[in-house]
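Taking it in order: structure first as structure tokens, then the write-up.
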Amino acid sequence: MTLFSDLLAAARRWASDPGSWPIQPQYDTAERWYARLAETPEHEVWLLTWLPGQETDWHDHGGSAGAFTVVSGALVERTVSGGRVRHTDLPAGSGRRFGAHHVHSVANRGAVPAISIHVYAPALRSMTRYRLLDGKLRVAEVERAGVSW
Ligand SMILES: [Fe+2]
């Protein structure tokens, strides 16, 4: 068991200590803002901000497992199971873990900006974007990581 076997616990530790972040959150009206807070061979930590309405496409994490926690504001995660889209509300303080094959989309559907911390193990190398058609996720494109997830 490694130090980062519980990725959600790691995300929560980072979330609880904003003073340790090497960069403070910023906002970008054009797209979600993000910055890497830490990177080791085993994992990496990202800080993201979400203005109201900002969201990701459907995507996986290129074989990395991960976790994220909402620092402030609120996010909604969408997943697909059995042809149905499930919405999970993630208010400030909540979080979730996900495995190496997880596909989701995440959005700020609230009225105020949101901040979140994301941990991936191993570090992201690539991701695949998907389109949802007739209840099924279909591969749209594969991207190098760090552009959008
Ligand atoms: Fe993701």
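Residues satisfying the salt bridge (charged side-chain N to carboxylate O under 4.0 Å, His left out) test with Arg131, not counting sequence neighbours, are none. Remark: Arg96 pairs with Glu77 by the salt bridge (charged side-chain N to carboxylate O under 4.0 Å, His left out) rule, at least two apart or across chains.
Tested against Phe68, the residues Leu7, Val119, Leu90 include a single side chain to side chain contact (heavy atoms under 4.5 Å, CB included) partner, Leu90. None of Leu137, Thr128, Leu132 except one satisfies the side chain to side chain contact (heavy atoms under 4.5 Å, CB included) rule with Val103; the exception is Leu137.
When side chains are defined from C-beta on, Val45 does not count as touching Arg36, because their heavy atoms never get closer than 4.5 Å. Between Tyr34 and Trp46 the shortest side-chain heavy-atom distance falls below 4.5 Å. In this structure, the side chains of Val71 and Ile117 come closer than 4.5 Å at one or more pairs of heavy atoms.
Electrostatic pairing of Glu55 and Arg32 does not count as a salt bridge here, judged by no charged N lying under 4.0 Å from a carboxylate O. Ion pairing between a basic and an acidic side chain is recognised when a charged N comes within 4.0 Å of a carboxylate O; Asp6 and Arg97 show such pairing.
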Just list the side-chain donor-acceptor pairs under 3.5 Å for residues 78-85, sequence neighbours left out, or say none.
{"residue": "Arg78", "atom": "NE", "partner": "Ser105", "partner atom": "OG", "Å": "3.0"}
{"residue": "Arg78", "atom": "NH2", "partner": "Ser105", "partner atom": "OG", "Å": "3.2"}

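Judged purely by distance below 3.5 Å, without hydrogens or angles, the side chains of Trp50 and Ser116 pair a donor atom with an acceptor atom.
By the 30° and 60° cut-offs, the orientation of the rings of His61 relative to His104 is perpendicular.
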